[in-house]
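Before any comments, here is the structure.
Chain naming here is simple, since letters A, B, ... match the order of the sequence lines and numbering starts at 1 in each.
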Amino acid sequence: MTFPDGAHRQYPPGTTGLEIAKAISPSLAKRTVAMALDGKLADFSDPIAQDAKIEFIGRDDPRALELIRHDAAHVLAEAVQTLWPGTQVTIGPVIENGFYYDFFRNQPFTPEDFGAIEKKMREIIARDKPFTKEVWSREEAKKVFRDKGELFKVELVDAIPEDQQIKIYKQGDWFDLCRGPHMTSTGKVGNAFKLMKVAGAYWRGDSNRDMLSRIYGTAFAKQEELDAYLKQIEEAEKRDHRKLGREMDLFHFQEEAPGSVFWHPKGWTLFQTLENYIRRRQQAAGYAEVNAPQLIDSSLWVASGHMATFRESMFLVEPREEDDRIFVVKPMNCPGHIQIFKNGLKSYRDLPFKIAEFGKVHRFEPSGALHGLLRVRAFTQDDAHIFITEEQIADEVLKVNDLILSIYADFGFADVRIKFSDRPDKRIGDDAAWDTSETALKAALEASGRPWTLNKGEGAFYGPKLEYVLRDAIGRDWQCGTIQVDLNMPGRLGAFYIDEHSSKVTPVMLHRAMFGSLERFTGIMIEHYAGHLPLWLSPLQAVVATITSDADDYARTALAAAQRLGLRVEGDLRNEKINYKVREHSLAKVPVLLVVGKKEAAERTVSIRRLGSEKQQTMPLDAALAALAAEAVPPDLRRAQQGG
RNA sequence: GCCGGCUUAGCACAGUUGGUAGUGCACCUGAUUUGUAAUCAGGGGGUCGGGGGUUCGAAUCCCUCAGCCGGCACCA
């Protein structure tokens, strides 16, 4: 064995970690909860079969956290089965911020049950029974679980690959089928745990199967860490875009239009600021903006394949007496853009042919999926389609990738996750086309040098895609940008260009969106900035607030001057105390407060107070406004100014 | 769509065992001219999410529909 300090020692094969630790020192054995062999966590009492680098993991080791949580899940399951005999156990994995356990029970749990469950968990933890592992035969395991009425476990045993052992972990009389590893005893879980929420979840993630009752919990090594985590959740809730949207008077939703946004003046200003930003970025990248109809005959959607795949989630317009055709409210922009490409003969010299649209699409999303601005039924895509030859795929994908990442950087999103989604089960086109598009897209992704992960089988029905994923305030991931390679739809809709040999060739089409949905991006961005939008995005950039009415005329002068510089400003000349005005505009998250009183009026200055700071700075009016106007220049235009 | 929870004034929330609604902020009116996070006083505002039922009587109990919240499933 190799030890962390570099020392080597020989042991007979089959010696356990516990024995090695005991031989070194009893106290080491006592404070160790698990071991790592060549960096891989294992049960402390596992016999070691071959040479390895061994580390003894204490409870405070960061690597022990997942064990604490996993053990907590087992303790939770024992507690639940003790309290409600007859409840079946299923699985209980560790997740990003804790763990959960799925149970099958006729009556689902409610948060009111948490008190009793947590109490029982503490009892089990206090009992401090050792976790012991046994390896059973498949038949034995299935028989035991079947006799216990644990039918889900029987199914799990069957799902374990033939080359893997059936491991049973016992904690006193209670046991569970589990891959492990676990700590040495239930007492190591400690008391810094908390049950968080209950939820329904389908068995094996399949909506055709049983609905299980899931209990989420979290656990930490120390109480302070748990407290800090709970505090952090509380803080994150304050950044919720739905809450900020109301507080900042940006938008609202109402029952008559579920999943559709009512944008208020300030929210719409923000929306348009974002739209104009993208418009400039894509114009600079060679896209031409277009606009296609909102309602298109269903025949086109049949031809594109959307009708077959998504009919249930499309809004269809009721046929009229004088025209019985069924029109579809567009759920996508691609078929429309293909019509624009098809109109007029295209030559290979026209490629790449790039058209973009701020396309408002409607999709009948399942009611349970709706979520503020992040998942809506009516949204605006910054959509574009790029018609190219097969040879141009890699080059164009890389260009779009660079553009997307550069755009995200302008909003301070540095840690964008990229996912590569390949062919789904339900798809159009032959495998040869999929081979081509997947290979080309992956090659471009590799060439970009960015880290990425595979999203198996999650591609669009017409082609593989890259997803650019951003995270909201409470840690949920949302797809924003996307690049999709499509070797199917142009052909289905009869698009072609004339190549250098005068023959008709079907183009490859890239689908691309950078924000993805302007609604979703706006929501994520509000949370990202916690409502403290940078000046260029803020719908109301400054308020000129008077101290007394003596400064009213001067305030009007200052307002007019600010407006001449293109700043979005308002005046607050109300007969209110300055304290009151400061508080109100701070709560409304106005980035800049320009306070003017007698003194400022006399000196033609302003007292500047920035959101989030109590500091004041008095500056000459013109200099202050010029500085603000300079700060309010969008990042792309600023680069253009600086780059000359 | 599925499981659970929730829905009372513009917002945040109270409302005891069923006896036809309150508080704070906001809003309106008046007074106050104020130096960087709440000036004082007065006033108006709710068919308690919609519909149905039980009851002498329902915000409160039951049914149903809708929306929202948390997950799951879905996400072109």
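Separation of the A/F103 and A/Y101 ring centroids falls under the 6.0 Å cut-off. Remark: aromatic rings of A/F104 and A/W203 are distant, center separation not under 6.0 Å. Ring centroids of A/F413 and A/Y468 are separated by 6.0 Å or more, keeping the two rings apart. Checked against the 6.0 Å centroid threshold, A/F341 and A/H385 do not count as a close aromatic pair.
Judged by distance alone, with hydrogens and angles left aside, A/Y202 brings no side-chain donor or acceptor close enough to the base of B/rG71 to form a pair under 3.5 Å. The base of B/rC3 is not paired with the side chain of A/R105 by any donor and acceptor separated by under 3.5 Å. Taking 3.5 Å as the limit, the base of B/rC72 and the side chain of A/R214 contain no donor-acceptor pair of atoms between them. One cannot find a donor-acceptor pair under 3.5 Å joining the base of B/rA76 and the side-chain atoms of A/S304.
Across B/rA38, B/rA76, B/rG71, the shortest atom-to-atom separation from the side chain of A/A199 is found for B/rG71. Among B/rA37, B/rG35, B/rC27, the nucleotide with an atom closest to any side-chain atom of A/R583 is B/rA37. Picking from B/rU39, B/rA73, B/rG1 the nucleotide with the shortest atom distance to the side chain of A/E576 gives B/rU39. Side chain of A/Y580, nearest nucleotide from B/rC75, B/rU39, B/rG71: B/rU39. Comparing atom distances between the A/T110 side chain and each of B/rG4, B/rG70, B/rA66 picks out B/rG4 as nearest. With distances taken from any side-chain atom of A/P331 to the nucleotides B/rC2, B/rG35, B/rA76, the minimum falls on B/rA76. In the set B/rG1, B/rA76, B/rA38, B/rG1 carries the atom at the smallest distance from any side-chain atom of A/P366. Counting only heavy atoms from C-beta on, A/Y216 has its side chain closest to B/rC72 among B/rG1, B/rC72, B/rC75.
As rounded to the nearest Å, B/rC61 and B/rC68 have C1' atoms that lie 24 Å from one another. Atom C1' of B/rG44 sits at a distance of 28 Å from the matching atom of B/rA37, rounded to the whole Å. Look at the C1' atom in both B/rG53 and B/rG70: the space between them is 31 Å, to the nearest Å. Atom P of B/rG35 sits at a distance of 15 Å from the matching atom of B/rC40, rounded to the whole Å. Rounded to the nearest Å, the gap between the P atom of B/rC27 and that of B/rC11 is 14 Å. The P atoms of B/rG4 and B/rA14 are separated by 24 Å, rounded to the nearest whole Å. Taking atom P on both nucleotides, B/rC48 is separated from B/rU60 by 9 Å, rounded to a whole Å. If you take atom C1' in B/rU16 and the same atom in B/rA21, they sit 14 Å apart, rounded to whole Å.
Comparing A/Q479 and A/S367 by the nucleotide of RNA chain B that holds the closest heavy atom to each, the one mapping nearer the 5' end is A/S367. If you find the closest nucleotide of RNA chain B to A/I547 and to A/R476, the one lying nearer the 5' end belongs to A/I547.
Base pairing analysis places B/rC72 opposite B/rG1; the two distances defining the Watson-Crick or G-U wobble pair are each below 3.5 Å. Nucleotide B/rU29 has B/rA41 as its partner under the Watson-Crick or G-U criteria, with both atom distances under 3.5 Å. When both distances must be under 3.5 Å, the Watson-Crick or G-U wobble mate of B/rU7 is B/rA66. If you check B/rU60 for Watson-Crick or wobble pairing at under 3.5 angstrom, you find it has no partner at all. Here B/rU36 sits opposite no nucleotide as a Watson-Crick or G-U wobble pair (both hydrogen-bonding atom distances under 3.5 Å). When both pairing distances are held under 3.5 Å, B/rG46 makes no Watson-Crick or G-U pair with any nucleotide shown. B/rU23 is paired with B/rA12 under the Watson-Crick or G-U wobble criterion, all donor-acceptor distances under 3.5 Å.
Heavy atoms of A/L587 sit under 4.0 angstrom from at least one base atom. Within 4.0 Å of A/G205, counting heavy atoms only, lie sugar-phosphate atoms of the nucleic acid but no base atom. A/Y100 comes within 4.0 angstrom of nothing in the nucleic acid, heavy atoms only. Among the atoms of the strands shown, only primed sugar atoms or phosphate atoms (P, OP1, OP2) are found under 4.0 Å from some heavy atom of A/K197. Residue A/S207 is in sugar-phosphate contact alone, with no base atom involved, counting any heavy-atom pair closer than 4.0 Å across all strands shown. Across all strands shown, A/A460 has heavy atoms under 4.0 Å from sugar-phosphate atoms exclusively, and none from any base. When heavy atoms are screened at a 4.0 angstrom cut-off, A/K465 is found touching the sugar-phosphate backbone but no base atom. Among the protein residues, A/T309 comes within range of no part of the nucleic acid, since none of its heavy atoms lies under 4.0 Å from any strand.
Listed in residue order, the members of residues 236-248 of chain A having a heavy atom less than 4.0 Å from RNA chain B are A/R242, A/R246. Looking at residues 588-618 of chain A, you'll see A/V595, A/G597, A/K598, A/K599, A/E600, A/S607, A/R609, A/Q616 sit with a heavy atom under 4.0 Å from some atom of RNA chain B.
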### Task
Check the pair A/E96, A/R471 against salt bridge (Lys or Arg N to Asp or Glu O under 4.0 Å), reporting the backbone distance first and the verdict last.
CA-CA 13 Å; A/E96 187 165 354; A/R471 184 163 278 202; 3.0 Å; yes

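As rounded to whole Å, 11 Å separates atom C1' of B/rC25 from atom CD of A/E584. Per the geometry, NZ belonging to A/K426 stands 13 Å off C1' belonging to B/rC75, to the nearest Å. Taking atom CD1 of A/I233 as the reference point, atom P of B/rG71 lies 11 Å away to the nearest angstrom.
The residues A/R69 and A/E66 are annotated as not salt-bridged, no charged nitrogen and carboxylate oxygen being separated by less than 4.0 angstrom.
Atom NZ of A/K442 sits in a sparse spot, with 12 or fewer heavy atoms from other residues, nucleotides or ligands closer than 6.0 Å. With a 6.0 Å radius and a threshold of 12 heavy atoms from other residues, nucleotides or ligands, A/N106 has its CG atom at or below the threshold.
Not one side-chain nitrogen or oxygen of A/H371 sits closer than 4.0 Å to the OP1 or OP2 atom of B/rG71. At least one side-chain nitrogen or oxygen of A/N579 sits closer than 4.0 Å to the OP1 or OP2 atom of B/rA37.
Ring planes of A/W263 and A/F251: perpendicular class, angle over 60° (limits at 30 and 60°). Note: A/F262 and A/H252 have parallel aromatic rings, judged against thresholds of 30 and 60 degrees for the angle between ring planes.
Here the rule is side chain to side chain contact (heavy atoms under 4.5 Å, CB included) with A/D572, and of A/E576, A/R574, A/E570 only A/R574 fits it. For the side chain to side chain contact (heavy atoms under 4.5 Å, CB included) test with A/S421, the passing option among A/Q479, A/K465, A/Q484 is A/K465; the others fail. Of the residues A/V329, A/L295, A/V328, the one that meets the side chain to side chain contact (heavy atoms under 4.5 Å, CB included) test with A/F315 is A/V329.
Every residue meeting the side-chain hydrogen bond (donor to acceptor under 3.5 Å, both in side chains) condition with A/R476, not counting sequence neighbours, appears here in chain and number order: A/H371, A/D472.
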